[in-house]
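Note that the coordinates shown come from a computational prediction; the quantities given were computed from them, not determined experimentally. In what follows, chains carry the letters A, B, and so on, assigned in the order in which the sequence lines appear, proteins first and then strands, with residues in each chain numbered from 1.
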There are 2 protein chains.
Amino acid sequence: MGPDEFQTLLRFFKALANESRLKMVGLLAGREYSVEELAALLQLKEPTVSHHLSILKELNLVQLRPEGNTHWYQLDREALHNVNRSVFDTEQIAGLVKDVEADAWERQVLSNFLSGERLKEIPASRKKRWVILKWLVSQFDLGVTYPEANVNEIIKRHHPDCATLRRELIGYQMLQREHGLYWRQPEAEWKFA
Amino acid sequence: MGPDEFQTLLRFFKALANESRLKMVGLLAGREYSVEELAALLQLKEPTVSHHLSILKELNLVQLRPEGNTHWYQLDREALHNVNRSVFDTEQIAGLVKDVEADAWERQVLSNFLSGERLKEIPASRKKRWVILKWLVSQFDLGVTYPEANVNEIIKRHHPDCATLRRELIGYQMLQREHGLYWRQPEAEWKFA
DNA sequence: CTTCTAATTAGATACAAATTGAAATAGAAG
DNA sequence: CTTCTATTTCAATTTGTATCTAATTAGAAG
């Protein structure tokens, strides 16, 4: 389900999210009504009813049968049923929002805490610290072993407190240490908890 | 389905008839999100997201799982499914509007053309004339035979043109005539066409 | 206890939609 | 052709809702 269908679905909900229109759908499910009759039943003026009917008509929810001056409207059950199926197949709901960028939040955290290559401060909350550390560890190359002095130097390019950040990287197992040598771990090995 | 359920249904449509909320439902169908994350993903401020979530929450469309300061929300598929069933069973839709008075239009026609017991004018359109004649024939008693002079007299209480009205009553077979005597027909015998 | 973080609530503003009276249109009737 | 009726279109008003900033609450961490 793509963005087009999302907009269609949205228009459908907007159409039925109105007391007068929802009542009209209920009435028209029973039998045909003219604009005049609907206006009387719903206590509205004809122009108002006509406006609502045009909205339902655009979505093919109602059908029009002209007879002289009178326009008879009735519900198109088939159209209603089609929308039903496409809406409430819960498997598809998740696909509605393909256009929402999945990592927007992480990019926002980065842009909040970074000033160019410089880390303005270390986030206090674990969730955000995680995002920053992911970025920080990407400054190291995979498959390369670094002596501690080298690690500190790289971190200091971005923030003065290299001790804390190094400890955090180890804690989340983004960086691994053995015999005073450090190397970057693949993402699968990181531990959030 | 009574008026309460109608209002619930209406609130449901209103809840989903909003681009931000519909996207949220789509996202939350996939996994849990915090308010902060949703705000970033949808490019909204946290208070706005909070407001939308409260609307979805009132309808039990989403569930809240607090964890420290973070509030994790996710979709309640069950609730969504329940609404689905109650909505699109088209047999029930007609019942939604029990509260709409079925004869509101006819009563309006009567009040437009009557001034007390007096008929202000004879409606030109067939639909409305039918309503007026139904009322007029109710002035006669069932099972009683009236001579023409008597019929005219009764009609003249409401409108001077008793000839036209008498002819119309006969035409629609609301009144029956034989050998100069008239009597009222039961409603089943009337002919609209 | 104080500080910080995430979420909610309150108040204000701006945008979108519902409703209506008046005017225009299309068809029926005289 | 003119008149009348039902509907629709148009313009203007009102109502309602989404969104924001600022202030408040509840929980965590120092």
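- Listed by chain and number, the residues in a side chain to side chain contact (heavy atoms under 4.5 Å, CB included) with A:Lys45 are A:Pro47, A:Thr48 (sequence neighbours excluded).
- With sequence neighbours excluded, no residue forms a side-chain hydrogen bond (donor to acceptor under 3.5 Å, both in side chains) with B:Asn18.
- Read 5' to 3', the first and last nucleotides of DNA chain D with an atom closer than 4.0 Å to a heavy atom of chain B are D:dA6 to D:dA28.
- Across the interface with DNA chain D, nearest-nucleotide mapping of B:Leu44 and A:His71 shows A:His71 to be the residue nearer the 5′ end.
- Residues that satisfy the side-chain hydrogen bond (donor to acceptor under 3.5 Å, both in side chains) test with B:Thr145, not counting sequence neighbours, are absent from this structure.
- Among pairs with a residue in residues 178-189 of chain A, none fulfils salt bridge (charged side-chain N to carboxylate O under 4.0 Å, His left out), at least two apart in sequence or across chains.
- Across the interface with DNA chain D, nearest-nucleotide mapping of B:Lys127 and B:Ser20 shows B:Lys127 to be the residue nearer the 5′ end.
- End-to-end axis angle for the helix from C:dC1-D:dG30 to C:dG30-D:dC1, using five pairs per end and rounding to 10°, comes out at 20°.
- Residues meeting the side chain to side chain contact (heavy atoms under 4.5 Å, CB included) test with A:Leu110, sequence neighbours left out: A:Leu114, A:Val131, A:Ile132, A:Trp135.
- A salt bridge is defined here as a Lys NZ or Arg NE, NH1 or NH2 lying under 4.0 Å from an Asp or Glu carboxylate O, and A:Lys127 with B:Glu36 meets this definition.
- A close approach under 4.0 Å does not occur between any side-chain nitrogen or oxygen of B:Asn69 and OP1 or OP2 of C:dC4.
- Applying the side chain to side chain contact (heavy atoms under 4.5 Å, CB included) rule to B:Glu153 yields the partners B:Asn150, B:Arg157; only residues at least two apart in sequence or on another chain are considered.
- Every residue meeting the side chain to side chain contact (heavy atoms under 4.5 Å, CB included) condition with A:Pro160, not counting sequence neighbours, appears here in chain and number order: A:Arg118.
- The distance between atom CZ of A:Arg129 and atom P of C:dC4, rounded to the nearest whole Å, is 16 Å.
- One can place NZ of B:Lys14 at 13 Å from C1' of C:dA16, the figure rounded to the nearest angstrom.
- Remark: B:Glu32 engages B:Arg65 in a side-chain hydrogen bond (donor to acceptor under 3.5 Å, both in side chains) (not counting sequence neighbours).
- Linking Ile, Leu, Val, Met, Phe, Trp and Tyr whenever their side-chain heavy atoms come within less than 4.5 Å leaves B:Trp183 and B:Ile154 in two separate clusters.
- Of the residues in residues 45-60 of chain B, those lying under 4.0 Å from DNA chain C by heavy-atom distance are B:Glu46, B:Pro47, B:Ser50.
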Can you give each donor-acceptor pair under 3.5 Å made by side-chain atoms of residues 50-62 of chain A, sequence neighbours left out, with the distance rounded to 0.1 Å?
{"residue": "A:His52", "atom": "ND1", "partner": "A:Arg21", "partner atom": "NH1", "Å": "3.0"}
{"residue": "A:Ser54", "atom": "OG", "partner": "A:His51", "partner atom": "O", "Å": "2.6"}
{"residue": "A:Glu58", "atom": "OE1", "partner": "A:Arg11", "partner atom": "NH1", "Å": "3.3"}

